[in-house]
Structure formats: structure tokens, C-alpha cells
Number of protein chains: 2
Amino acid sequence: MAQVKLSDIAKELNVSVTLVSLVLRGKAKENRISDKISKEVLKKAKEMGYQPNQMARGLRTGKSHIIGLVVADISNPFFGKIARQLENEAWDNGYQLMFGSSDENPEKSQRLIQSFVGRSVDGLIIAPTADSKEQIERLQQQKVPFVLIDRYFNDLKTPNVVVDNFDSSYEVTKLLIQKGYRRIAAISYSSGLQHIDDRVEGYKKALEDYSQDIDPQLMRAVTPENIDTDLQGIISELLSDDVNADAIFFATNIIGIKGLKILNKMNKKIPEDIAIASFDNPESYALFPTSITCIEQPIEEIGKKALQELLKQINKGKEKTETKDYVLKTKLLVGNSI
Amino acid sequence: MAQVKLSDIAKELNVSVTLVSLVLRGKAKENRISDKISKEVLKKAKEMGYQPNQMARGLRTGKSHIIGLVVADISNPFFGKIARQLENEAWDNGYQLMFGSSDENPEKSQRLIQSFVGRSVDGLIIAPTADSKEQIERLQQQKVPFVLIDRYFNDLKTPNVVVDNFDSSYEVTKLLIQKGYRRIAAISYSSGLQHIDDRVEGYKKALEDYSQDIDPQLMRAVTPENIDTDLQGIISELLSDDVNADAIFFATNIIGIKGLKILNKMNKKIPEDIAIASFDNPESYALFPTSITCIEQPIEEIGKKALQELLKQINKGKEKTETKDYVLKTKLLVGNSI
DNA sequence: TATCTTCGCTCTATCGTTTTAGCTAACATT
DNA sequence: AATGTTAGCTAAAACGATAGAGCGAAGATA
């Protein structure tokens, strides 16, 4: 059973396709279509189960009412939650989402973005990978509306919705110092991601400000690809008598979850054997016996703001859009892990 | 900068649009386009950064190369992981995904499905909610290719990719009995979802087969909407002297995670105070100090199979497709929680 | 009665592709 | 020299919607 189209309805009622189109789009009044015919059309359309063909409509109007979402990995709960928030907000505004996972790989990201552009998405929400600056610049040239989330490029003027990574890390590190920890380690990604670097910088700044030594042995990084193998070794080293860390700051949820898993397996007591703090507050942490001190991101707000900002851009059309930068505040949740 | 189109390339090279189209789709040889012109077209297209307009192409060919995914909630890690698997498999076959979350709400599910159909998706992967049987039947009438995952309707002949819910629950319950537990509770959803019912049935059958009483006080259910409030009360009751459960079987990952969270808060020792088993093996469980006995679903396989089956349907076109039913095996992971 | 408005609708072009059919020039065949 | 083939391309019609211009009849105005 083929989809019913405007012309099918028109034929049934012996009216023009245009009339049907106008009525169904609610433009009957302003085009002085009689109420009688209007009602008939509406009725018939419902009866026949008419669903507008969005490809045809999109081709004609140039709007797809689709938003493309590029994240590192949709199965990462952080991005999953953001996706969900975006979805809700988009749906309420008549949009739907397509998504793609970049795996922090710039080539993949590029393919995804260009594919979305080819599909004439009306806009993009992107959590950009490292080394994807050119892609974003190209997008700007192409005048495709987009908003960056979670990450950003500090030498690129783009609309971003991010959190105050530096300050948050600074605060949690400061707290650790105040609690008396003196060998505070940090484990981050060595991936060239600005927002991760910011987190590390915040950590370092706090150490400096409170006259702590910055020991390279304590500042460690894993690569996203080898995290599973890397992390085990790093944590062992940090806990060795040689390095002797008394606290670890995990710079992301993934690192945190995997890190805690490892500590669990090593039967380490927290905070007795080692204190823990983490960026992000994934649901998993609630299952850990000790409540984890963490920096909770306002995920709902990120999604909401990002979509609102994107819609603003989309609706402004060709007018110049001053690009707003949203730096949202995180929440420091102090648990028993420190 | 408007997107470059076929006619732009054609104009530049003084050839017809048809020729450009043929060349770019690799149909040059069979249409005996000269190598010389072919190369020129390819070069020019690259130079101008041509990206086919998928809406136009889709309108003409009737194929969108989009697959619609309807799940209960994309931010549920179970569905997030499935989504990811589907994405990979889809991408390798030239497809991309749109998604929508139904929140177990049939109206929302209906809106989503019809919206996807209106977008001319080439197929749908659906984790159907309760009371959505009519929607699925309608889909069948509309001859839209689709595959159901995770859930199914036992009186509807559809292509499904599910796990052996009954057997898995039976096995884990049997194991609990064999370990000596005599007051085994089960907490499930009261949502009319067949697969959840199957899990409960498996649990009951094991109790029967091993001559255990089936105590209604031990068979509890929460509603998806009120899970947070419901669960706390139910667990308290189960642990009361009155009911005196010695083991709890959580029927889903959501219930399990929230349940463990509550037990953590109540400072219950597992398995000393209460033994625990669960359907699903979310990553969170790894952070729980006691390894959880659980039924692990082959998520990768579900995604892969579902997409392959869908592609089969899509490619068969109008031919009759015998609908295969895939019932995948789960893995019983025995932990220290029992 | 002739002209002007308004009403209620229709005609036609268009969006960027793909697809079918066909056209022209060059060459081969008899 | 007339005819048939083939190579190499092009023209035109879709796909299903939207948008702008237009058109005939009825009522209003002079």
C-alpha cells in the first residue's frame, strides 16, 4: 500500500492539489478557502491516513526539520543523556535527530558531518573531536547552523555550550588539598581535547596556588583507544610505594568508572587507601559503596541550551547571528571518597 | 554558499546533467561515457566539493537510506549500546539512523513511528511498548520493513530479535534455589510487556519445578513512571520480618541499578542480608563491591542481527519475506551476590 | 449597464535528482 | 551510395510537495 499523497486526496474531492496542501498546512483562512471544503479536506486526509512526504517537502522548502548530532559515542551515558535531552527539546519544536558516533576520530567525524550536510540537516550539534578544527571552520563557511557542546576550540569563535572545566577542576583539587592530601594524582586523556586540557590546567593551577609540587609522576593520561590496558598500569604505579599517591582525580566519567572498577578489583579501600574525586557523576557511581566526590555537569541544561541556541540560528536565517558562548556552572558534590 | 549541484558541474564542463549524474554514480562505463569526460567530471566534482542532495535523490528513488530507531529511552545504557551497534552496522551498509524515545508510552511511540514513515525511512527497528500492537500491525499493512527488538507480541507474526527471557530467568531462579534460598522475590515491571512477563513466568516455573511455594508477597512489580517511589517501599517490605525475603531477582537493568542503589543506602550486606540476581549486566554493576549474579544479554549480537534482518527485508523489496525469529542465548554470570 | 473588488479556487514552475528514451555523428557493411 | 551499427552523449519526464501568479464568477460601486 503506497503512501497516500496530496494528489490522491485532491482527486477524491475533485479539487486542486494546491487547495489540499493549503488546507492541510493550516493556510486555509489566509487563502480564503471555504470552511466547507476545508472541513472535507481535513476529514478525507484523516480518513486516508495522509502523511506528508518529508523528502518532497524538504526538497521544495529547503528545510528537513532534521538535526544532526555528532558525539564521541552514543553509548556513553553522558552523551546518551544529552541525546535524550536534545531529542525532547527538538521534538517539541518539530525537529527530529539523526546521530553519529565519531569515536574521537577526526576522519569519522568529518564523514559524519558531511553526510549530515548532504542530507540537508537544518543544523548540527557537535561534540567535536580533537583535530577537527578545519571541519568546523568549513561548516562556518558553508553557513550551516551548528552548536558545539562539551568541547570547543579556544582559537575559534563558535557558538558553544560547555561547562567551566577549569574552575571545576580547580575547586575540587583545592578541596583535596584542604582536606590534607598531598600526593594528588590526575588521570586524563592524552587526546588534544581542549576541555580536557582545561581540566588538567585547573588541577595544576590549584596545586600551584596552594604551593604544592607539581609532580609529573602524578599527572597521567590514557589514550581513548588503549584505556583498558593503560589504566590498570597507571593506577598500579600511582599506588606503588615509589609514587605513593594519596588521591586520584579522574578527569572524565569513562576514566572514573573504569578506574573505580580497577580499584574494586584491587580491593582498595576508599578513601583509606586512596581518595577519589571525579569529573562527571555517572549513575554507576551510586553503586559504589563509598559516595564519590564529583563534579556534576548540568546535562539537561546543556542539551536544552544547545538546542535552543541552534534553533535561534536556524530561524534567524541569513541574518548575522552573534554567537553566544554558554559556560555553564557545574556542581561539586562532596562525598565520602575524600 | 549554496550547496553545489549536478547542474553546476554540468555547466562548468558544458555537458548534460545526466552525464554528470551517471559518472558520479559510477555508471559511466555501462553508459559508455568516455574516460576523458569521466575523469573531468570526477575531478570537477571533487574540486567543487559536490555532495549529492539526499532529499532530491530520496524523492526520486524512494529510498532515504535512513533507518528509524524507536526505543524506550536512548539514555538507558542498554538501548544506548544497541543504538551504537545498529549505528555501526548501518553505516557500513550506507545507512544512517534517526532515533526516538517512546518512554513506554504507546501514543508517543505511534507518533514517532508515523513520523518516521513520513520521512520515508527505509526501515524501522522498534523496541515496542505495551499496547502498541495495532501500530505494528498497521506497519505490516503499510509494508514498511521493520524488526522488533528486545520485546515482541506473542500473537503477532513479526521479525523479532529477542533473547530467551523465560529460560534465562528460569535458570537463574533455579540456581538460587539450588544455592538454598527459599524466599526468593522478583521485582518486575507491571507494564504488560510480554518479555517482562516471560521473565516472571520463568521465575515462577522454576519455583514450581523445584517445589517452592509461589508467594504473591514475593512477586512485586513497579510501574516505569513511579519506579523511584515504588521501589523503595517494595524493597523495605521484602526485607521486613513479615515478608522476610532472602533473595531478590531484579527483572531489568533499571530496576537492578535503582534497587542496588537503595540497598546501598540501607547499608544492606550482599549476599549476607539479601542475595541478589539480575537480568542484564549494566556497566554500573562493576562498581558494586560484590559481583552481581546476572543474565547478560548479547547486546552486540542483538544490534547486528536486527540490522542484518532489516536490510534483508529492505533489499528483498516487494518479494515475500519469510520472517525469521531470532531468539538469542544469554549468558548467566555467577557472582558473589548469591 | 459597465467597471471594480472580492471570493474561492486552479495553473504552473520549481526544488535536485534519476531514469527512460532518443538523437547525432562516425564508422562499418554490402 | 545507401544502409546499419555503435559510440557518446542529451532531452524530458518523473518523484511529491510548495509558492506565486492568475482566473472566472459573484457581488459592490458608480
Run the side-chain donor-acceptor check on residues 147-161 of chain A: report pairs under 3.5 Å with partners two or more places apart or on a different chain.
unit_1   : atom_1 : unit_2   : atom_2 : d
A:Arg151 : NH1    : A:Glu104 : OE1    : 3.2
A:Arg151 : NH1    : A:Pro128 : O      : 2.9
A:Arg151 : NH2    : A:Glu104 : OE2    : 2.7
A:Tyr152 : OH     : A:Asp198 : OD2    : 2.4
A:Asn154 : ND2    : A:Gln194 : OE1    : 3.3
A:Asp155 : OD2    : A:Lys133 : NZ     : 2.9
A:Lys157 : NZ     : A:Thr323 : OG1    : 3.4
A:Thr158 : OG1    : A:Asn160 : OD1    : 2.5
A:Asn160 : ND2    : A:Asp325 : OD1    : 2.9

Between A:Glu87 and B:Ser101, does any side-chain donor sit less than 3.5 Å from a side-chain acceptor?
yes

Charged N to carboxylate O under 4.0 angstrom, B:Glu301 versus B:Lys304?
no

When rounded to whole Å, the CG to C1' distance for the pair A:Asn31 and D:dC23 reads 15 Å

Round to the nearest Å and state the distance from B:Leu19 atom CG to D:dA7 atom P.
16 Å

For A:Ser115 and A:Arg111, which I'm curious about, is there any donor-acceptor pair between the side chains at under 3.5 Å?
no

Remember a base hit wins even if backbone is also touched, and classify A:Leu22 as base, sugar-phosphate or nothing at under 4.0 Å, heavy atoms.
nothing

Counting only heavy atoms and a strict 4.0 angstrom limit, can you tell me which residues of residues 54-66 of chain A come near DNA chain C?
A:Leu59, A:Arg60

Validation row: B:Gln110, B:Glu134 side chains within 4.5 angstrom (heavy atoms):
no

I want to confirm an ordering. Mapping A:Val17 and B:Ser21 to their closest nucleotides on DNA chain C, which one lands closer to the 5' end?
A:Val17

With A:Leu22, which of A:Glu30, A:Arg32, A:Lys27 fulfils side chain to side chain contact (heavy atoms under 4.5 Å, CB included)?
A:Lys27

5'-most to 3'-most nt of DNA chain C touching chain A (<4.0 Å, heavy-atom partner on protein side) reads C:dC7 to C:dG16

Taking atom types as they are modelled, is there a donor-acceptor pair under 3.5 Å from the base of D:dA17 to the side chain of A:Ser7?
no

Using a heavy-atom cut-off of under 4.0 Å over every strand shown, decide if A:Arg25 touches base, sugar-phosphate, or nothing.
sugar-phosphate

Short question: side chain of A:Gln51, backbone of B:Gln114 - any donor-acceptor pair under 3.5 Å?
yes

Base D:dA7 to side chain B:Ser34, donor-acceptor N/O within 3.5 Å cut-off:
no

I'd like to know if B:Lys44 pairs up with B:Glu47 as an ion pair, taking the criterion as any Lys NZ or Arg NE/NH1/NH2 lying under 4.0 Å from an Asp or Glu carboxylate oxygen.
yes

Expressed in angstrom and rounded to an integer, what is the separation of B:Asp35 atom CG from D:dA7 atom P?
14 Å

